[in-house]
Visitor: 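Sharing a structure, written as structure tokens. Questions coming.
Chain A is the first sequence line, chain B the second, and so forth, proteins listed ahead of strands; every chain is numbered from 1.
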Amino acid sequence: MTLVSARTQRHDPGQHGRPQGVEPLDRASVPVALTDTEVRRIRNDFPILEKEVNGKPLVYLDSGATSQNPVSVLEAEQEFYEQRNAAVHRGAHQLAVDATDAFEDARATVAGFVGATDSELVWTANATAGLNLLAYSFSNASVGHAGAAAERFMLAPGDEVLVTEMEHHANLIPWQELCRRTGATLKFIPIDDDGALRLEEADRLITGRTKVLAFTHVSNVLGSINPVQELTAMAHRVGALVVLDACQSAPHLPLDLKALDVDFAVFSGHKMLGPTGIGALYGRAGLLDAMPPFLTGGSMITTVSMSEAQYLPAPQRFEAGTQAVSQAVAFAAAVNYLGETGMERIHRWEMELGQRLVVGLQAIDGVRVLGPVAGRDRTGLAAFDVAGVHAHDVGQFLDARGIAVRVGHHCAQPLHRRLGLSASTRASTYLYNTTDEIDQLLDAVSNVRGYFGVDASGERR
Amino acid sequence: MSDLDVLYQQIILDHAKVRTGGDLPESETAAAPVFPGIGQSHQLNPVCGDEITLRVTVEDGKVASVRWNGAGCAISMASASVLSELAEGVVPEELLGLIGNFREVMRSRGKLAGEEEILGDAAAFSGVSRYPARVKCAMLAWVAAEEALRQAVAA
Ligand SMILES: Cc1ncc(COP(=O)(O)O)c(C=O)c1O
């Protein structure tokens, strides 16, 4: 194998970068959704999808939790270890230079994928780590660690952090804790019975006291897409910082963080065909450099004395210690795969799958779908409740047919409580799911109540 | 019998519906009663949200009743129901022994089968031990009973 740098790979995806079976698009034409035929060929790139589970072909409908990896991603990680593994940003030997190039090229690739530049993208372990980084940096700013330059990030009693009622715990608890540390108040934008954000309430809640507005782009339970630009404009009008949880959007739709005008965003590699252990925090140019660090130590400093240290600018300032280098390289291979396939086409395909899910689920007696009803915009996921059957039992029943779904509260307890549930079953799709798989799920779900002897009202017979 | 039917034995599905002892009013569970011979425990499985509040009453040296209030999957609800039936009239020491036996079977990863002469209907849960994710569901009521019983006899 010849040594191809990630940069050349990015411009020419070459032999293993290009997804099988997807015709390169004529840029001038309007992108259309992937087709079932293309998806069936795409599946060949994902070795795990050939697996059998409980004697049945695997039907993987849990990509909202974590996605599967194409061969190009697996190979990128292996190639890094076979050809370029060394410590990055230190050492003067050739391998260290190659490793550093691969690492920084990966950063540029992932940044470009979300409309950012490389200095605006900080590697994190995952989205949760990115949100905690922000919360702890703001809390360090609040006790004066970065001086007056960090005034924008300071919180004190009387200030407010605003989230929504539909947040994943990862975009809730770090803010609860930040408020505890600083004395600021946490508030939330409520949802209506259908799970939609109540924008009139948002308008009322976003005031001069609001310092941070943190919300999810796409709900991991409802599949709804929140109006990012509208909310961001409201927050910016009062000078608040906007933090976007892009965990369920970056993998599934074309994302341009610059166009959305948010100040910060987080996402996780493992939800977008990449490996675990790598994610990213985006921070608008200028903001990251003004923030104090969270984790400190090696690789993030300029001068160190026995009593104090000076820090590198972003992104290095926030990357203390040895980084997840091979994962970053593989993450870049993942977004290359997505980019080659076409995010608009993936998005449209998943919207079709999402509609097929909702329409089918709504037609089953005793099944309640959470979030937007059929015909309304939703991404390719649907969480639902089967009257009288606990989600755990639904999941077990589906697993026996080889169908993998998520059951429980999906790290969104307040949202479930608001909808009168403690748990639900969630089917979530990705670019490799076929309409046939959706139909298998629907068929299985329609047999659940019969198996457990429950009628449509949820009465135990 | 399919693997699924081994897990969800008919006895289990029946108990999940009958829910013996599952009539403890929620309004009564807020504050644990502090009378001699009564113990109460609340258990939560944070993974799936299964929840139970279970009360054990001991009279004349025997378990007089096990009543509970809970929400959860078929396995956890059926297991509470079976336990309520099994426990009535049993000496506390003996019930602790049964709980220990049940726990051993549940943790055996399919290696031990519960004996019907000892565990009665609870032996039907043996299949659960092959599903590590579900063992907690089956154990929930039993862990609650263990704690409540110790309180009841200590009081
Ligand atoms: C909306 C949303 N936010 C945050 C997260 C947390 O992601 P991670 O566990 O990769 O940090 C998830 C994933 O479960 C999610 O769906």
Visitor: What part of Ala133(B) lies closer than 4.5 angstrom to a heavy atom of chain A: side chain, backbone, both or neither?
Guide: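 Backbone of Ala133(B) only, per the 4.5 Å heavy-atom cut-off to chain A.
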Visitor: Scan side-chain atoms only and decide if His15(B) and Ser81(B) contain a donor-acceptor pair under the 3.5 Å cut-off.
Guide: yes
Visitor: Are the ring centres of Phe452(A) and Tyr8(B) closer than 6.0 Å?
Guide: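 Between Phe452(A) and Tyr8(B), the centre distance is under 6.0 Å.
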Visitor: Contact part of Asp14(B) toward chain A, heavy-atom cut-off under 4.5 Å: side chain, backbone, both or neither?
Guide: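 No part of it gets close to chain A.
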Visitor: Going from CE on Met272(A) to SG on Cys247(A), what distance comes out if it is rounded to the nearest 0.5 angstrom?
Guide: 9.5 Å
Visitor: By a 4.5 Å heavy-atom criterion (distance strictly below it), what part of Leu13(B) contacts chain A: side chain, backbone, both, or neither?
Guide: side chain
Visitor: His168(A) pairs by side chain to side chain contact (heavy atoms under 4.5 Å, CB included) with which of Leu131(A), Asn220(A), Val221(A), Leu415(A)?
Guide: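 Exactly one option meets the side chain to side chain contact (heavy atoms under 4.5 Å, CB included) with His168(A), and it is Asn220(A).
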